[in-house]
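This report concerns only the one structure given below.
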Amino acid sequence: MMKKEPFVSKEQLEEIVKKYPTPFHLYDEKGIRANAQAVKDAFSWNKGYKEYFAVKAEPNPFIIQILKEYGCGCDCSSMTELMLSDAVGIRGEDIMFSSNNTPAEEFRVADELGAVINLDDITHIDFLEKTIGKIPETISCRYNPGGVYEISNGIMDNPGDAKYGFTKEQLFEGYRILKEKGAKRFGLHSFLVSNTVTNDYYPALAKTLFELAVEIQEKLGIKISFINLSGGVGIAYTPEQTPNDIQAIGEGVHKVFDEVLVPAGLGDTAIYTEMGRFMTGPYGCLVTRAVHEKHTYKDYIGVDACAANLMRPAMYGAYHHITVMGKENEPCEYKYDVVGSLCENNDKFAVDRMLPKIETGDLLVIHDTGAHGFAMGYNYNGRLWSAEVLLKEDGSAQLIRRAQTPKDYFATFDCFDILKDMKY
Ligand SMILES: *Cc1c(COP(=O)(O)O)cnc(C)c1O
């Protein structure tokens with residue numbers, strides 16, 4: 001069992017909350033940098049390797065800028081994600097546009113930025129051609145093998161139920177059509193399982209895709225230039241889980257690369273990844289304060305954050321570890337539901353969680369919110385988005401997104417005069 005410890009001390013946090021009131025998401029610059037370097041090192045055996053950070057996981061330009069220093073591009077799937085990538089100077093083939101059910105306008109912008117377009121469906125070939133008036137020279141297709149996806153540790157997920165990607169037949173037909181229409185450089189992409197906590201997922205997926213690339217070359221005479229393993233490399237949310245070892249994962253992919261691609265004369269294939277969760281997940285936390293305690297049929301701790309700040313527990317029943325700051329070494333003898341203030345009974349960060357005795361005013365750190373945390377925020381019950389703060393390497397804190405204000409929340413009512421005289 002791993003002891004999960006916050007990347008920030010109680011003393012540091014008490015200083016930060018003087019300036020930035022709770023709740024807020026806090027990010028660990030040092031951790032993000034060390035991990036980005038480790039990812040880069042793990043795949044350095046592959047000459048064309050590139051990580052396209054999945055912007056949806058943490059769409060903050062300050063964070064993306066840090067990742068850019070380690071050679072990361074952006075994986076985008078919407079207009080505003082493309083705009084964000086452009087704003088931090090990530091353009092051209094440093095953008096992977098892996099969208100689905102894509103609006104015409106977004107293909108247009110992706111093309112204007114020179115992004116690599118990763119098609120989700122065979123019908124998108126015509127749709128793209130009609131929209132931008134051509135088929136780009138570089139193009140990628142997303143593969144969905146269907147059925148269930150099994151690796152040595154058992155069934156991982158059910159791609160047959162997923163809305164994404166081409167069937168195998170469509171994939172062969174798609175590449176043939178794309179070549180006919182003038183495409184010159186081809187990519188292959190697949191995303192089969194989310195949040196895998198095993199070093200075997202990427203190597204197993206790589207083997208599937210590498211063998212497919214060889215088959216495509218044999219049957220169609222089309223050379224796949226890059227293979228995109230996409231996201232899905234997970235993190236250890238619970239103390240019982242063993243975190244993935246990116247070095248071992250990189251070596252695992254290297255091994256199948258040497259076994260499958262090299263003998264087929266495809267040793268110059270570039271490997272791409274589109275990790276989101278693995279890049280930032282553990283390096284963010286939600287800082288919140290206990291504001292109420294309630295004892296009825298269960299014991300509740302009410303905090304000043306809610307599911308609008310972190311949706312994963314409400315949405316998936318996901319576990320997020322909680323540290324009560326300053327009480328790390330006290331026995332976990334109290335069973336609490338840690339709840340937010342939404343009028344929704346699933347607004348609980350923890351259910352029946354054993355924790356030290358919590359007093360009103362205690363600072364709580366909810367771990368592993370650095371990816372798909374703030375990003376999934378919403379405004380239900382008129383709850384506002386929190387701030388995002390970066391804990392810099394020198395220990396200082398930098399505001400990297402201010403909290404939403406009522407004025408922001410009401411901004412889209414600018415057609416409604418009465419709100420012009422708003423008091424707060
Ligand atoms: C969500 C997503 C990712 C990132 O997934 P993680 O699990 O955060 O690594 C990558 N690529 C695509 C196409 C996605 O939809």
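Counting starts at 1 for both ligands and their atoms, following the listed order. As the structure is a computational prediction, the values presented were derived from the model and not from experiment. In this chain, residues are counted from 1 in sequence order.
Partners of E15 under the salt bridge (Lys or Arg N to Asp or Glu O under 4.0 Å) rule, at least two apart in sequence or in another chain, are K18. Legend: residues meeting salt bridge (Lys or Arg N to Asp or Glu O under 4.0 Å) with D304, ordered by chain and number and at least two apart, are absent. Residues passing the salt bridge (Lys or Arg N to Asp or Glu O under 4.0 Å) test with D200: none are found, sequence neighbours excluded.
Checking Q404 against Y409 by side-chain atom types alone, no donor-acceptor pair falls below 3.5 Å.
A salt bridge between D111 and K134 is present, with a side-chain N of the basic residue lying under 4.0 Å from a carboxylate O of the acidic one.
In this structure, the side chain of D362 does not engage the main chain of A290 through any donor-acceptor pair within 3.5 Å.
Protein residues having at least one heavy atom under 4.0 Å from any atom of ligand 1 are A54, K56, D75, S98, R142, F191, S230, G231, G232, E274, M275, G276, R277, H372, listed by chain and number.
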